[in-house]
Amino acid sequence: MRAVTLPGLPMSPDPHLLSPLRIAGVTLPNRMVMGAMHTRLETLDRPLQRLAAFYATRAAGEIALILTGGYSPVPEGVMDEGGLVLDSADQLDEHRQITSAVREAGGRIVLQILHAGRYAKLADCVAPSPGKARINVHAPRALSTAEVWATIESFAHTASLAEQAGYAGVEIMGSEGYLINEFTAALTNRRNDEFGGDFERRIRFPLEIVRAVRARVGRDFMLIYRISSIDLMEGGMTGPEVAAFARRIEQAGADMINTGVGWHESAVPTIAASVPRAAWLAAVRNVKQAVSIPVMASNRINTPDVAERIIASGAADLVSMARPLLADPEFAKKVRLGRSDEINLCIACNQACLDHIFTERTASCLVNPRAGREIEFDDRAAAGSKRIAVVGGGPAGMAFALESARRGHRVSLFEAQDELGGQLILARKVPGKFEFDGMLRYFDRALRLAEVDLRLGTMASAVELADGGFDEIVLATGVLPRIPALEGVDHPKVVGYQDVLSGRVMVGDRVAILGAGGIGFDVAEFLLGNAEESLDPNAFMTAWGVDASLSAPGGLAPPAPHHPRRQVHMFQRKRESLGRSLGKSTGWILKAKLRKARVAMTAGASYHAVDDRGLHYSVDGERRVLDVDTVVLCTGQEPNRGLHAELERRGVAARLIGGAHVASELDAKRAIDEATRLAVTI
Ligand code: NAP
Ligand code: SF4
């Protein structure tokens with residue numbers, strides 16, 4: 001493949017990523033695609049304005065192609081009540097607002113057609129056969145043969161409407177366990193008409209859809225099919241079946257194949273941070289080797305170098321990135337300009353994107369609070385430049401300092417430690433959280449580029465702040481661990497989570513963790529020590545039971561047993577099951593890992609004392625002693641406001657943000673959001 005040299009720039013380190021590609025009647029300027037992602041922006045006021053701004057911002061950032069969130073071709077195929085449908089010419093004007101905004105920004109946008117099948121959160125949802133999905137409360141009704149033909153026609157109708165609305169093409173969503181995928185898998189298709197039974201009849205539904213769409217749209221209109229490259233479900237396709245199916249999709253008239261991984265109800269994680277980067281390449285390559293049309297890789301691709309390596313390896317022709325484009329709309333532009341080190345990295349946390357969607361909120365991004373809220377932020381420079389002191393280099397302090405400096409203020413950031421990061425320095429030690437490293441690198445680089453005066457290793461004093469000539473003082477001094485009132489809390493067996501994660505203390509083989517919030521679970525994961533599972537694809541496949549040879553149905557194999565390094569016992573005082581507060585899209589992964597490592601969990605505990613015998617506690621009035629070597633306190637946090645009190649005493653005004661403002665339920669998402677919103681007002 002040809003290396004690209006850009007005028008005035010040295011040879012690009014990402015030549016494959018930057019080479020153009022012609023598909024149908026469209027020439028894509030590079031190989032980076034924004035994958036489809038449901039945003040729920042349609043549930044807010046001014047939905048069209050929001051969607052148009054959301055997509056146009058990414059187009060201006062030079063992404064080659066944008067795939068919309070899924071639009072159903074029929075009302076019963078929407079994700080939930082009020083979900084997106086495109087089934088009438090009356091809607092064309094609305095869609096033209098989106099397509100023209102993207103075109104004006106220099107981009108191209110493709111409409112994804114998604115029928116949710118038995119995943120639709122609707123009482124009248126439909127499927128190939130009866131049988132409720134594990135993740136839905138509603139049981140589907142089986143479509144009649146005539147209804148299947150009508151559904152095929154509805155896909156063609158929606159594709160035709162998309163063409164009239166100015167989209168560059170359509171993507172037919174055939175993966176992730178939605179309706180089409182339910183037809184192709186024996187597990188969910190037990191029909192005995194022309195759409196069920198053997199492999200040929202199970203793949204007929206998608207093939208008829210592709211043929212019907214091809215017949216209805218122009219040759220230059222892009223037809224993308226998203227195939228399930230590995231179902232990760234019992235009764236799913238084998239690798240050879242996926243390859244044979246991909247060939248048939250090409251013959252039916254598709255211009256390009258995108259690759260999906262797993263179903264939403266699979267017991268194997270597919271996109272969380274605990275999945276190694278580019279973990280699913282073998283499944284993508286299996287598709288690529290079967291066809292001659294371009295193939296797109298997806299899932300856990302968040303940096304230009306990973307994307308470049310995938311294309312250079314020949315496993316795929318393009319990369320689809322959805323979450324990384326929430327994190328940084330200028331991803332592709334920065335790659336073109338050779339400024340990849342300025343990309344705001346998606347850390348695969350799911351906290352503001354998928355976790356929001358799954359809990360009926362709109363998608364945004366932990367590292368970029370503007371995502372999905374483009375029309376809410378005023379990004380003009382500040383009216384006048386102020387001198388601002390920011391104390392604390394954790395997420396809140398870094399985000400505030402960066403935003404303020406970008407608006408034209410002269411900012412000094414004081415951090416007592418020798419490095420930036422605050423609580424993130426500890427978080428990145430947790431297996432599966434190594435992506436936090438990228439976030440810290442981004443802030444470090446961005447703060448220096450914004451010419452923030454970084455005072456690392458400097459404990460700011462009230463005198464210095466008061467006499468420093470600052471117009472504004474912002475305190476992001478973070479949190480202090482909460483020490484519970486417990487007899488023996490100063491016993492040598494008792495340690496804090498910060499001591500454990502920083503490696504300052506030795507932890508024994510038998511451990512009790514008090515407190516089961518996000519940090520309690522992180523500490524349990526850390527103590528069990530499975531770091532390689534989230535870094536090495538082979539270790540991940542072995543641990544989670546994925547058949548790397550792709551020969552078994554659904555790509556599944558028996559998972560390897562886990563031999564934990566320690567005996568861990570987690571406690572909380574609440575009576576509810578442990579882990580309720582964890583993120584919807586990631587909590588189940590963590591809980592599954594801890595179950596496998598036989599971590600004991602006790603709810604409704606009262607703690608009495610720690611002594612040489614161990615932890616004394618009771619449940620339902622019954623007193624017990626747990627013989628442990630170490631008791632780790634993960635019992636929440638309190639705001640660190642010592643400096644604020646001193647400034648108040650001197651009559652100096654200061655604003656509090658992040659954990660120093662409100663410690664309870666503080667996470668990086670709230671810290672960055674709060675800091676960014678305050679910064680744009682000063
Ligand atoms: P947290 O989620 O508030 O949990 C604190 C735990 O301590 C709770 O289990 C609480 O449960 C217990 N506790 C509170 N006061 C106590 C007391 N006086 N004595 C004994 N136990 C007490 O806080 P965290 O775990 O420290 O986490 C801080 C923030 O970071 C949270 O918002 C969390 O969501 C976030 N975080 C998120 C992630 C993530 O993966 N998304 C990871 C780490 C941290 P009982 O009162 O029932 O005992
Ligand atoms: Fe990525 Fe987290 Fe932002 Fe989602 S919220 S896009 S996973 S950084």
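All ligand and atom numbering here is 1-based and tracks the order in the structure. Just so it is clear, the structure is predicted and the values come from calculations on it, not from any experiment. Position 1 is the first residue of the sequence, and the numbers go up from there.
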Quick check on contacts: which atoms of ligand 1 are under 4.0 angstrom from a heavy atom of Gln351? 41 (N)

dist Arg300:CZ -> Met321:CE (nearest 0.5 Å) comes out at 13.0 Å

Could you tell me whether some N/O pair between Asp522 and ligand 1 is separated by less than 3.5 angstrom? no

Determine, for Glu330 against Arg370, whether the closest basic-nitrogen to carboxylate-oxygen distance falls under 4.0 angstrom. no

Between Ser585 and Asp355, do the side chains contain an N or O donor and an N or O acceptor separated by less than 3.5 Å? yes

Identity and separation of the nearest protein heavy atom to atom 37 (C) of ligand 1: Gly518 CA, 4.2 Å

List ligand 1 atoms under 4.0 Å from Gln637, heavy atoms only on the residue side. 26 (O), 28 (C)

Taking atom types as modelled and ignoring hydrogens, do the side chains of Lys669 and His356 form a donor-acceptor contact shorter than 3.5 angstrom? yes

Among protein heavy atoms, which lies nearest atom 35 (C) of ligand 1, and at what distance? Leu666 O, 3.5 Å

Using a cut-off of 6.0 Å, state whether more than 12 heavy atoms not belonging to Arg613 lie near its atom CZ. no

Protein heavy-atom partner closest to atom 14 (C) of ligand 1 - residue, atom, separation in Å: Arg482 NH1, 3.2 Å

Do the charged groups of Asp627 and Arg510 touch, with an N to O distance under 4.0 Å? yes

Salt bridge check: are Arg336 and Asp14 linked by an N-O gap of less than 4.0 Å? no

Output yes when the distance from some N or O of ligand 1 to some N or O of Gln572 is under 3.5 Å, and no in every other case. no

State the count of protein N/O/S atoms located less than 2.8 Å away from atom 1 (Fe) of ligand 2. 1

Leu527 vs Val507 side-chain heavy atoms within contact, under 4.5 Å: yes

What protein heavy atom sits nearest atom 1 (P) of ligand 1, and how far off is it? Gly517 CA, 4.1 Å

Could you tell me the separation between the CD atom of Gln112 and the NE2 atom of His38, rounded to the nearest 0.5 Å? 11.0 Å

Does a side chain donor of either Asn30 or Glu62 reach within less than 3.5 Å of an acceptor in the other side chain? no

I'd like the name of whichever of Ala663, Gly636, Ala516, Pro484 reaches closest to atom 8 (C) of ligand 1 through any heavy atom. Ala516

Could you give the side-chain donor-acceptor pairs of residues 602-610 under 3.5 Å, partners two or more places apart or in another chain?
{"unit_1": "Thr602", "atom_1": "OG1", "unit_2": "His569", "atom_2": "NE2", "d": "2.8"}
{"unit_1": "His608", "atom_1": "NE2", "unit_2": "Ser618", "atom_2": "OG", "d": "2.8"}

Relative to the ring of Tyr119, is the ring of His264 parallel (under 30°), tilted (30 to 60°) or perpendicular (over 60°)? tilted

To the nearest 0.1 Å, how far is atom 11 (O) of ligand 1 from its closest protein heavy atom, and which atom is that? Lys574 NZ, 3.2 Å

Quick look: Lys433 vs ligand 1, heavy-atom contacts under 4.0 Å, and the answer is side chain

Hey, is Asp437 close enough to Arg441 for a salt bridge, meaning N to O under 4.0 Å? no

Provide, to 0.1 Å, the distance between atom 25 (O) of ligand 1 and the closest protein heavy atom, together with that atom's residue and name. Ile519 N, 3.0 Å

Does Arg277 come within less than 4.0 Å of Glu435, counting only side-chain N to carboxylate O? yes

With a 4.0 Å cut-off on heavy atoms, is Leu514 in contact with ligand 1? no

Answer yes or no: is there a side-chain heavy-atom contact under 4.5 Å between Leu449 and Glu342? yes

Note: Cys634, heavy atoms under 4.0 Å from ligand 1, region reported as backbone

Under 4.0 Å from atom 3 (O) of ligand 1, do we find at least one protein heavy atom? no

Is the shortest distance from a heavy atom of Ser581 to ligand 1 less than 4.0 Å? no

Below 4.0 angstrom from a heavy atom of Gly515, which ligand 1 atoms are there? Numbered from 1 as shown, please. 6 (C), 7 (O), 9 (O)

Under 4.0 Å, heavy atoms only, figure out whether ligand 1 is touched by the backbone of Thr635, its side chain, both or neither. both

Atom 48 (O) of ligand 1: nearest protein contact (heavy atom, Å): Arg573 N, 2.9 Å

